[in-house]
Amino acid sequence: MKKPVLFWLAATVCVAANAQDLMTGPLAGVSTQLQPVKTGSAQFIQKIEASQPNYRATFSVTKTSDKGKGDENTYFLNLSDLDVSTVTYKVEKDVIAVLADTKQHRKWVRYSENGELKNLTDRVKLYADNPDIAKALVESLKKVILAAEKAYKPARTPETLDDLRQWLKTNIGSEAIGSDKYEQALTFDAENPLRAVFRRSEVGAKGSASSETFSFNLGDLGLEGLQIESKSKRFELALVVQQKQKLMGYAKDGKLDNVVQSFEIISGDADRIRDVAAAWRKLIPLAVKQLESRKPVFAAMSGAQKYLESSIMAAKTNDRTIEQSLKPDCICTYTRRETYNKNNTEEVYEFNLADLAEKGAKLGVDKELYTIDLKTRDNRRFIGYTKNGVRQNYVSEIELASDNLENVRYMSQAFEKAVQSCAQSRKSPVPTASQQARLEWIKEQLPRELGEKEPVNYTLAAENGTCDLKLTVAQGGRKTSELVYDLALKDLNADATNFDVDGKTVYVNLVTKGKEKLVKTFKDGKPSDYVHTVKIQLGDIEKGRYVAEAFRQLIRGCVSN
C-alpha cells in the first residue's frame, strides 16, 4: 500500500536537513500511521503538513464515498494546544476514530470543510482501519504533543511601557477570517502617551462595512478582564476597564455612542492573539503605575479651586452642545447652557460646597458623556436651581458634563478637598456679643416683599427684653392678611429649631417643647388658635441656616435665665 505525501517537505528530507529539530521524529511517526482507511462505503485519505514554526501543523482528512463524492476536513493548530491525556481511539461502526482534544477543551483549532472556514473547535479527529495502527497513531500523537510543548515559545515581547506600546501598535493589524476582513489599528496620543485609540472596521462577505472607535487610557485597564474567547470562527481578546467602569469613549461609524467598559481585538490565529495578550499583561500594570504617579495632590483649597475651574469646559456630542462654567468658591455657582437640536436651556445652580457629602462627587456617564455627579449630605435639598431664569424647586444633586475623561479624571478628589476646606473654614455671621445683638441681626435677615404674586413681610419685635417676642407676618396681594405670633422663647425647643426646604422655599421652624400648643396667634387682629410650630420663610439656604442658629442661641439664652 502506497503511503500518501505527509509533509510539504518529505519526512526523510526533514530528518536530514534538520536533525536537531525535536519535531521531525514525532511528526514522521504520525505520518507513518496516517494511512488511507477503507470502510464499507467510503475511503479516508489523511495527511499532516508541518508549518513554520513546526509546532504548528495542518491535518487534512478527505472522505470519498463509493459514489465518488469527496469531502475534505482540515484542522490547523498549534500542536502544543492538544492535551496528551485526551488522545485515544474509539470504534465507530466499521472504522476506528483517533481523537485528540485541546487542553481544558478550549476552542483553539481552526477547522474548515471543503475549503470553507467553520467555527473553531476543540477536537481533532483522525481515522485508522485496525487497532494496531490506531494504537500506534495514539502513541505518535502523544509524542508530537510533548515535543510541541517543549518547542513552542511565545513571541518575546518588550519590557518597558514605551516599547510595549510600539510592539502592540505594530502587531495589531488587519485580519482576514474566512470571507470577513477586519481592519484594526492601535494609536497613541502624542501629548499623553497613556491615551490610546483602537479602531476596527469590519467588511463582511457581502461588502457591508462598519467601523468602531474606542478611546481610553491605558492606566484604566485591568488584568482581571483580560481574556481570550473563541467566538465562532475567530478569537477575541477582551480589554476591560478596572471594576468594569464605563470609561471608554465609543463611536460607531463616526458618531459618538454610549461610553463603554470594554472592547475586543480580533484574530484568526491562536498564537498571535496569545502573544498580543501577553504584551497587554506586561503593559497594563506599568500603565496603571504611571497613571497613579500623575495623580495630583490637592494640598490646599486654592489648588482644588484652580483644578475645578479649569477642568470644566464645553462638551459636545452628535446632537448636543453644553457650555458650562464653575465658580468653585465655598458659595459655588455652576452655570450650564445646553443646545439640543434647536432647543436652548440655561440652568444655574448655587450651593455651599460644605453642604456636599464629603465623598459625594462621583465620576459617572450619561450616554456618550462623562459626568461628575454631586450630591448633598443626607440628600438634603440644599442646592438652589434656576432654569431659563425661572426659580425651580431646590434639588439635592447636580450633574457636570465632559466629553473628555482626562478633563474630569481627578475632579472627585478636588471636590473632596474643597468640601473639607469649606466645612473647616465655615464661619457663622451670627453675633456673639449679646442676646440683643443676635435679635437685631435676625431682624435684618427677615425678608421684605418675599414672593412674586403674594409678597410676604416679616417683622420681629421685643415685648419684654429679648425672651418675649412678637412675630408679625403680613401677607400682600389680592387677599391681604396679618398673622401675629406671641413667642415666649422659654417655651421653645432649641434642639428642634432648624431650617428646611419645601419646594422653592426655605423655612426656619420654631418648635415648642414637647410640641405643646403654647404659641398664641392673632389673625387680622383677632385671637386665633394656639400652635406648636412657627415657620419663618427665608430667601435662601444660607439665611435659613444662620437664622436658625441665631434663634437656637436666643432660646438657650432665655432658658438659662
Side-chain angles (χ1 to χ4, degrees), residues 189 192 194-200 211-226 238-264 284 287-288 291-292 294-296 307-308 310-326 328 334-341 343 345 347 349 351 356-376 379 383 385 395-416 419:
D189 191 312
N192 182 354
L194 289 180
R195 288 293 298 174
V197 175
F198 175 71
R199 295 181 176 86
R200 183 178 64 230
S211 64
E212 295 178 292
T213 302
F214 303 84
S215 56
F216 59 99
N217 191 303
L218 298 172
D220 288 327
L221 299 178
L223 289 176
E224 186 175 331
L226 184 68
L239 279 299
V240 184
V241 176
Q242 297 170 39
Q243 300 174 351
K244 295 186 177 181
Q245 299 177 85
K246 291 185 176 181
L247 299 181
M248 291 180 176
Y250 174 64
K252 186 173 179 63
D253 295 329
K255 292 186 177 181
L256 289 175
D257 209 317
N258 289 352
V259 177
V260 297
Q261 63 190 16
S262 65
F263 68 89
E264 297 79 34
I284 289 173
V288 171
L291 180 61
E292 184 65 23
R294 295 183 176 190
K295 185 176 180 179
Y307 178 86
L308 290 171
S310 63
S311 296
I312 289 296
M313 53 188 67
K316 295 183 178 181
T317 69
N318 299 319
D319 51 13
R320 284 194 294 169
T321 299
I322 300 172
E323 300 286 342
Q324 50 191 350
S325 63
L326 184 72
Y334 169 61
T335 303
R336 176 182 177 126
R337 299 178 183 87
E338 182 170 343
T339 301
Y340 179 67
N341 292 329
N343 298 320
T345 304
E347 298 171 300
Y349 299 85
F351 55 98
L356 296 182
E358 191 168 313
K359 302 285 186 180
K362 301 291 184 183
L363 177 65
V365 294
D366 177 14
K367 295 182 180 179
E368 59 273 76
L369 291 176
Y370 300 98
T371 63
I372 294 294
D373 301 318
L374 304 179
K375 293 188 177 182
T376 59
N379 292 320
I383 300 174
Y385 172 45
V395 296
S396 61
E397 57 186 341
I398 311 174
E399 183 181 276
L400 286 63
S402 177
D403 57 13
N404 187 331
L405 172 62
E406 303 311 315
N407 290 342
V408 294
R409 176 176 293 279
Y410 302 109
M411 191 169 280
S412 297
Q413 292 89 329
F415 267 114
E416 184 176 338
V419 169

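Small disclaimer: the values here were computed from a predicted structure and weren't measured.
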- Any donor-acceptor pair under 3.5 Å from Ser412 side chain to Ala361 backbone: yes
- For residues Ser311 and Val408, report the shortest heavy-atom separation together with the two atoms involved. O-CG1, 4.5 Å
- Message: If the condition is salt bridge (charged side-chain N to carboxylate O under 4.0 Å, His left out), which residues does Asp220 pass it with, not counting sequence neighbours?
- Response: Arg409
- salt bridge (charged side-chain N to carboxylate O under 4.0 Å, His left out) involving Lys359 - partner list, sequence neighbours excluded: Glu416
- The reported gap from CG in Leu356 to CD1 in Ile398 (rounded to nearest 0.5 angstrom) is 7.0 Å
- Item | Val259/Leu405 under side-chain contact (heavy atoms from CB on, under 4.5 Å): CA gap, chis, key distance, verdict | CA-CA 10 Å; Val259 177; Leu405 172 62; over 6 Å; no
- Could you pull out the closest heavy-atom pair between Gly254 and Ser211, with the gap in Å? N-OG, 4.3 Å
- Do Arg320 and Glu368 have side-chain heavy atoms sitting under 4.5 Å apart? yes
- Item | Nearest-0.5 Å distance that lies between atom OG in Ser215 and atom CE in Met248 | 9.0 Å
- Please answer whether the main-chain N or O of Leu221 pairs with a side-chain N or O of Gln242 as donor and acceptor at a distance below 3.5 Å. yes
- How about Asn258 and Lys367: do any of their side-chain heavy atoms sit closer than 4.5 Å? yes
- Task: Calculate, to the nearest 0.5 Å, the distance between atoms OG and CD1 belonging to Ser396 and Ile383 respectively.
- Result: 6.5 Å
- Query: Is it true that atom CD of Glu358 has more than 12 heavy atoms of other residues, nucleotides or ligands lying nearer than 6.0 Å?
  - Reply: yes
- Query: Are the side chain of Glu397 and the backbone of Asn379 linked by a donor-acceptor contact shorter than 3.5 Å?
  - Reply: no
- Could you please spell out the steps behind the side-chain contact (heavy atoms from CB on, under 4.5 Å) verdict for Glu264 and Arg200? CA-CA 9 Å; Glu264 297 79 34; Arg200 183 178 64 230; 4.2 Å; yes
- Between Phe216 and Phe263, how do the two ring planes meet: parallel, tilted or perpendicular, split at 30° and 60°? tilted
- Query: Is there a donor-acceptor contact under 3.5 Å from the side chain of Asn192 to the main chain of Leu194?
  - Reply: yes
- Message: To the nearest 0.5 Å, what is the distance between CD on Gln324 and CD on Glu347?
- Response: 11.0 Å
- Using the ring of each side chain (for Trp, its six-membered ring), is Tyr250 parallel, tilted or perpendicular to Phe214, with breaks at 30° and 60°? tilted
- The side chain to side chain contact (heavy atoms under 4.5 Å, CB included) partner of Tyr370 among Asn404, Val365, Leu400, Asn407 is Val365
- Message: On a heavy-atom basis, which atom in Ala315 and which in Leu369 lie closest, and how many Å separate them?
- Response: CB-CD2, 4.2 Å
- Message: Less than 4.5 Å apart, side chain to side chain, heavy atoms only: is that true for Glu406 and Asn217?
- Response: yes
- Item | Distance, nearest 0.5 Å, that separates OG1 of Thr321 from CG of Asp403 | 9.5 Å
- Closest approach of Gly225 to Val240 (non-hydrogen atoms, all atoms of both residues): O-CG2, 3.5 Å
- Query: Heavy atoms, side chains only, cut-off 4.5 Å: are Ile372 and Ile312 in contact?
  - Reply: no
- Message: Within this structure, what is the OG1-CG distance for the pair Thr317 and Asp257, rounded to the nearest 0.5 Å?
- Response: 11.0 Å
- Donor-acceptor pair, Arg336 side chain versus Glu399 backbone, under 3.5 Å? yes
- Message: Is there a side-chain contact (heavy atoms from CB on, under 4.5 Å) between Leu247 and Leu363? Walk through the geometry before answering.
- Response: CA-CA 9 Å; Leu247 299 181; Leu363 177 65; 3.7 Å; yes
- For Asn318 and Leu256, indicate whether the former's side chain and the latter's backbone hold a donor-acceptor pair under 3.5 Å. yes
- Message: side-chain contact (heavy atoms from CB on, under 4.5 Å) for Ile284 and Leu239? Distances and angles first, verdict last.
- Response: CA-CA 10 Å; Ile284 289 173; Leu239 279 299; 4.3 Å; yes
